[in-house]
There are 2 protein chains.
Amino acid sequence: MILTKNTAESIAAHLRLSILRGDLKSNEPLRQDKIAEELGVSKVPVREALVQLKAEGLVTLYTNRGAFISALTAAEASEIYTIRIALETVALEAAIPHLTAPILMQAENILRVMDVETDTARWNELNWDFHAQLYQAAQMPRLISILEPLHMNVARYLVLYLKNLGFQATSQQEHYAILQACRDGNVTQAVGLLRQHLLSASTTLATFLMSET
Amino acid sequence: MILTKNTAESIAAHLRLSILRGDLKSNEPLRQDKIAEELGVSKVPVREALVQLKAEGLVTLYTNRGAFISALTAAEASEIYTIRIALETVALEAAIPHLTAPILMQAENILRVMDVETDTARWNELNWDFHAQLYQAAQMPRLISILEPLHMNVARYLVLYLKNLGFQATSQQEHYAILQACRDGNVTQAVGLLRQHLLSASTTLATFLMSET
DNA sequence: AATTGTATAATCGTATACGATTTATTGTCA
DNA sequence: TGACAATAAATCGTATACGATTATACAATT
């Protein structure tokens, strides 16, 4: 019943983290033999992992040419945020009635850790943890499984921008505001704040991607 | 640059169609050896196809136990429709300003074919073709790639219900109404009609899934 | 009769091997 | 020198083989 991680899933998790952490950059080729050798496995599970990552949009597969880290255009980033806004507002709206004290406490704890986290990649992970912590109360696992790869797709670019400015500070203010609205059970305000939060991240990323040629 | 269909993708397409057409029923096991033998290939590409279908939610993989056609509970079906409503209304809204005469014509042609189509499985495919025809004008490929498997997940159950009642007739009326609103460029009405259209399908499926014990 | 244990069969997961395709390199000719 | 063909190298895609895991059948025990 429990699905123990097999080799392919472990490889996928490893590659996912490498992409999120920026160790693997956009358009970089992922050589099956090389990955297999590095991890001490054969190509077959590596290929299965790549198929999985392709479904998540993190890599692009070209037949007989191999796998490459997907690059995001400004238009694609904008599309992802449009989707995220549509889905995350639904998730939060559905979640708020089911938020309990322990959930809110845990969400706040994540924010407190983020306040003092200096590693941007780690901060990025915690960022999603905070959002996911709230959304999971909606009891919509498929919705979350759709959101997760969308988040990762933009997060790996945002992480490059994080160190630049006061993005993290602004973001944290918005997080605390959203959390407070959730505590108050104010659905309209919480959803509105979340939309603004995502929109500001969207424009930040858009300008960043534009500047990159 | 062009991605020619490799063996795994062909197998995935074949299995997808078998699931949609109801040849493979819920909870039915998918034996890798059997599929490989039937299609005259080895297990490796079959496994890659199964990983792909798992990502689409059509099959569930248990480690060392194999693949099974995913079964849908009433709650999961409801969740899928919640997601679809959120995304498809966004898609239609974004699409309407870009709808051209040829697109509208093609959409109407699909509806005309559906009017006289007796094979429910084929009708089901055309149903998605109609919606996708409109959505594609939104220029949001990732949104459509998310919607497609969601549609297939519920369509394979709806097809069982189609023959029963005047579901198809009602559905077609709604389709024509949506199309007309699109022609008029009336975004509010089109989106409202679409929401109603999906909601009625959702309740239809919910009652059907409830009746199945 | 129900339950536990064991042997056997079925099935899965992955390493290895090899042919097919693409990419890089070299060499030839205008 | 530059374009282009031929060859070599790298890489991919898939079949085969085999150990590992799980399911099944049946005997032994309580």
Side-chain angles (χ1 to χ4, degrees), chain A residues 1-19 23-71 145 149, chain B residues 1-19 23-71 145 149:
Chain A
M1 202 63 181
I2 308 298
L3 31 145
T4 313
K5 259 187 180 152
N6 57 14
T7 308
E9 284 181 53
S10 304
I11 297 168
H14 171 80
L15 292 176
R16 229 180 261 118
L17 204 59
S18 298
I19 295 172
D23 301 337
L24 299 171
K25 295 174 188 170
S26 294
N27 293 315
E28 194 168 328
L30 293 169
R31 301 298 170 199
Q32 304 175 355
D33 291 342
K34 195 161 156 252
I35 295 169
E37 192 185 13
E38 281 174 9
L39 302 180
V41 297
S42 81
K43 286 193 313 182
V44 177
V46 171
R47 289 176 55 83
E48 287 179 22
L50 291 176
V51 170
Q52 176 68 35
L53 294 177
K54 170 200 165 194
E56 297 172 16
L58 288 173
V59 308
T60 308
L61 302 182
Y62 300 102
T63 307
N64 286 322
R65 278 189 42 207
F68 300 80
I69 307 287
S70 300
S145 74
Chain B
M1 202 63 181
I2 309 299
L3 31 145
T4 312
K5 259 188 179 150
N6 57 12
T7 307
E9 284 182 51
S10 305
I11 297 168
H14 171 79
L15 292 175
R16 230 180 259 120
L17 204 59
S18 298
I19 295 171
D23 300 338
L24 299 171
K25 294 174 190 171
S26 294
N27 293 316
E28 193 168 327
L30 292 170
R31 302 298 172 198
Q32 305 176 354
D33 291 343
K34 195 161 156 254
I35 295 169
E37 193 185 13
E38 281 174 8
L39 302 180
V41 296
S42 81
K43 284 193 314 183
V44 177
V46 171
R47 289 177 55 83
E48 287 178 21
L50 292 175
V51 170
Q52 175 67 37
L53 294 177
K54 171 199 167 197
E56 297 172 16
L58 289 172
V59 310
T60 307
L61 302 182
Y62 300 102
T63 307
N64 285 322
R65 279 190 40 208
F68 299 81
I69 307 286
S70 301
S145 74

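Sequence lines set the chain letters: A, B, ... in the order given, protein chains first and strands last, and positions in each chain run from 1.
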- Item | Of the listed nucleotides C/dT14, C/dT22, D/dA23, the one nearest the side chain of B/R65 | D/dA23
- Note on the structure: In whole angstroms, the gap separating C1' of C/dA10 from CG of B/L30 amounts to 16 Å
- Message: Side chain of A/N64, heavy atoms from C-beta onward: which of D/dT14, C/dT21, C/dG13 has the nearest atom to it?
- Response: C/dT21
- Closest to the B/S42 side chain: D/dT14, C/dA15, C/dC12? D/dT14
- Rounded to the Å, how far apart are B/E37 CD and D/dT16 P? 12 Å
- Under a 4.5 Å cut-off applied to non-hydrogen side-chain atoms, are A/E56 and A/L58 in contact? yes
- Message: From CG of A/D33 over to P of C/dT22, roughly how many Å is that when rounded to an integer?
- Response: 17 Å
- Query: To the nearest angstrom, how far is A/I35 atom CD1 from C/dT14 atom C1'?
  - Reply: 17 Å
- Would you indicate what B/L50 reaches in the nucleic acid, counting non-hydrogen atoms under 4.0 angstrom: base, sugar-phosphate, or nothing? nothing
- Message: Quick one: does any side-chain atom of A/S70 pair with a main-chain N or O of A/G57 as donor and acceptor, under 3.5 Å?
- Response: yes
- Item | Whole-Å distance separating the CG atom of A/L61 from the P atom of D/dT11 | 17 Å
- Note on the structure: Between B/K43 and A/K43, whichever has its closest DNA chain C nucleotide further toward 5' is B/K43
- Within a strict 4.5 Å, meaning less than it, do heavy atoms of the A/L39 and A/V46 side chains meet? no
- Item | Contact under 4.0 Å: A/Q32 side-chain N or O vs D/dG13 OP1/OP2 | yes
- For the side chain of A/P45, counting heavy atoms from C-beta on, which of C/dG13, D/dG13, C/dT14 is nearest? C/dT14
- Output yes when at least one side-chain N/O atom of A/R31 is less than 4.0 Å from OP1 or OP2 of D/dC12, else no. yes
- Message: Quick check on A/E28: does its CD atom have over 12 non-hydrogen neighbours (other residues, nucleotides or ligands) under 6.0 Å away?
- Response: yes
- Message: What is the separation between atom CZ on B/R47 and atom P on D/dG13, rounded to the nearest whole Å?
- Response: 17 Å
- Task: Just do the side chain to side chain contact (heavy atoms under 4.5 Å, CB included) check on B/R16 and B/Q52 with the steps written out, would you?
- Result: CA-CA 10 Å; B/R16 230 180 259 120; B/Q52 175 67 37; 4.0 Å; yes
- Message: Rounded to whole Å, how long is the line connecting atom CD of A/E48 with atom P of C/dC12?
- Response: 12 Å
